[in-house]
Number of protein chains: 2
Amino acid sequence: MIKLSKKIEYGILALQYIAIHSDKIISAKEISEQMGIPYEFLSKTLQQLMKKGLIQSQQGIKGGYVLSKKPSDLTVKDIIIALEGKASFLDCFVSSKGLVCDRSPNCTIKNPMERLQSKVMQVFGTTTIEEIAAN
Amino acid sequence: MIKLSKKIEYGILALQYIAIHSDKIISAKEISEQMGIPYEFLSKTLQQLMKKGLIQSQQGIKGGYVLSKKPSDLTVKDIIIALEGKASFLDCFVSSKGLVCDRSPNCTIKNPMERLQSKVMQVFGTTTIEEIAAN
DNA sequence: ATTATATCCGACTATTGTAATCCGATTTTT
DNA sequence: AAAAATCGGATTACAATAGTCGGATATAAT
Ligand code: FES
Ligand code: FES
């Protein structure tokens, strides 16, 4: 339904929260409670964002997360790609090797759809966490 | 994964096909065979597009479909809305009555996400079938 | 009239992807 | 040593997508 997954929604909420409280290190528990996000699911999401380098983690009793980049350098596109891999409107776009669907290689929508997708990704790529945090 | 549903993919393929062969009336079977789309599923999709007024149908042995509007007036946004109802990035956006999630009404991402969505919809709204058919 | 070919439409099933949970291990401060 | 946090694999629950089935109706050609 052209909607963002909960994972991405939670990711944006969490990064926004961390960005706003950038003076201290933020635990998954705090975000979970403050934002009303299932703890376990959020933890997984934060770990994934960490693995992709968007945030840095500190383990142990005083642990938590901080941003790796400035909020103004962190875009929604970064988050989407970190959490769901390369975004692609059509399945066919994913395959780097061989054909996925029988329409290819004589596909009549591949080019126009790729152009459309790149326009949309440009929108995501120019929307930053800073902008979102500012409301 | 920020991807378009098969329904929308098929809808675009079908409308593009009808637009290109606008000199004659096109049956679901022809589109199904030429584009490699499951017939039953495509039929449903075309009926839905018909109900929403994007195409007109002709029943009977020489029946089929023609576009209601010029390809230059038919956008991807039209197709998405016809096939999936009002698009919305977050579940919260759908509800016109009451609260869907416990974050509302003090939600910190509602406004920025709505702005983001409207930008994306603008991209969809300015991409026409004519443009897609031209490749 | 009959037949062939088309749209129409509800109900159903199968498959996939999302969302969430469970459980245990590791790390680090107190 | 204990408490509080991250880490991470495996599993389950649920929902949405994708596709199918069976039959009804409409229309044109024979
Ligand atoms: S739809 Fe598969 S290659 Fe275009
Ligand atoms: S996330 Fe539900 S109102 Fe914002």
Side-chain angles (χ1 to χ4, degrees), chain A residues 1-11 13-14 18 24-33 35-66 68 80 83-85 87-91 94 100-102, chain B residues 1-11 13-14 18 24-33 35-66 68 80 83-85 87-91 94 100-102:
Chain A
M1 210 222 274
I2 312 290
K3 79 179 215 298
L4 301 181
S5 67
K6 285 287 171 191
K7 197 157 150 184
I8 290 179
E9 178 183 328
Y10 296 160
L13 277 166
I18 296 172
K24 55 173 181 164
I25 191 166
I26 304 292
S27 73
K29 183 158 175 266
E30 178 176 347
I31 301 173
S32 162
E33 286 169 353
M35 296 286 105
I37 302 173
Y39 172 75
E40 302 280 0
F41 195 12
L42 174 64
S43 293
K44 286 251 169 331
T45 306
L46 289 170
Q47 283 164 34
Q48 210 171 342
L49 291 171
M50 192 267 300
K51 213 178 277 184
K52 293 296 166 59
L54 275 64
I55 52 181
Q56 290 176 339
S57 70
Q58 168 68 45
Q59 282 195 335
I61 191 170
K62 278 280 192 181
Y65 298 92
V66 292
S68 300
I80 291 174
L83 294 179
E84 308 199 330
S88 77
F89 275 14
L90 268 50
D91 294 331
V94 182
V100 167
C101 81
D102 51 357
Chain B
M1 210 223 274
I2 313 290
K3 79 178 216 291
L4 301 179
S5 66
K6 286 287 172 190
K7 198 157 147 183
I8 291 178
E9 177 182 329
Y10 295 161
L13 277 166
I18 296 173
K24 53 172 181 167
I25 192 166
I26 304 293
S27 72
K29 182 158 175 265
E30 178 176 346
I31 301 173
S32 162
E33 286 170 352
M35 297 285 106
I37 302 172
Y39 172 75
E40 303 280 1
F41 195 11
L42 174 64
S43 293
K44 285 249 168 339
T45 305
L46 289 170
Q47 283 163 35
Q48 210 171 340
L49 290 171
M50 191 268 300
K51 213 178 277 183
K52 294 295 166 58
L54 275 63
I55 53 180
Q56 290 177 339
S57 69
Q58 168 70 42
Q59 285 196 335
I61 190 169
K62 278 279 192 180
Y65 299 92
V66 292
S68 300
I80 291 174
L83 294 179
E84 309 200 330
S88 76
F89 274 15
L90 268 50
D91 293 331
V94 182
V100 166
C101 82
D102 51 357

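Throughout, a chain's letter reflects where its sequence line sits, starting with A, and its residues are numbered from 1.
Heavy atoms only, all atoms of each residue included: V66(A) and K24(A) are closest at CG1-O, 4.4 Å. Nearest heavy-atom pair across M35(B) and L13(B) is SD-CD2, 3.9 Å.
Under the 3.5 Å distance criterion, the side-chain polar atoms of S57(B) are left unmatched by any main-chain donor or acceptor of Y65(B). T45(B) places no side-chain N or O within 3.5 Å of a backbone atom of G11(B) that could act as its donor or acceptor partner. Side-chain atoms of S88(B) do not come within 3.5 Å of backbone N or O of D91(B) as any donor-acceptor pair.
Computed from coordinates, the K29(B) NZ to dC8(C) P distance equals 17 Å when rounded to whole Å. Going from atom CD1 of I25(B) over to atom P of dA6(C) covers 11 Å, rounded to whole Å. If you take NZ of K3(B) and C1' of dA16(D), they are 10 Å apart, rounded to a whole angstrom. L42(B) has its CG atom 9 Å from the P atom of dT7(C), to the nearest Å.
Of the candidate nucleotides dA6(C), dA18(D), dA19(C), dA18(D) has the atom lying nearest to any side-chain atom of K6(B). Checking dC9(C), dA20(C), dC7(D) against the side-chain heavy atoms of S57(A) singles out dC7(D) as nearest. Closest to the F41(B) side chain, of the nucleotides dG19(D), dA6(C), dA20(C), is dG19(D).
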Pairs: protein N or O with nucleotides 11-13 of chain C N or O, under 3.5 Å:
none

Under 3.5 Å, N/O pairs linking protein and nucleotides 24-28 of chain C:
{"unit_1": "dT27(C)", "atom_1": "O4'", "unit_2": "Q59(A)", "atom_2": "OE1", "d": "2.6"}
{"unit_1": "dT27(C)", "atom_1": "O3'", "unit_2": "Q59(A)", "atom_2": "OE1", "d": "3.3"}
{"unit_1": "dT27(C)", "atom_1": "O2", "unit_2": "G60(A)", "atom_2": "N", "d": "3.4"}
{"unit_1": "dT28(C)", "atom_1": "O2", "unit_2": "I61(A)", "atom_2": "N", "d": "3.4"}

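Looking at heavy-atom distances under 4.0 Å, Y39(B) makes contact with a base.
Between K44(A) and E40(A) there is no salt bridge, since no side-chain nitrogen of the basic residue lies less than 4.0 Å from a carboxylate oxygen of the acidic one.
Rounded to the nearest 0.5 angstrom, Q58(B) CD and M50(B) CE are separated by 11.5 Å. If you take CG on L42(B) and OG on S27(B), they are separated by 9.5 Å, rounding to the nearest 0.5 Å.
Under the side-chain hydrogen bond (donor to acceptor under 3.5 Å, both in side chains) criterion, Q56(A) pairs with no residue at all, not counting sequence neighbours.
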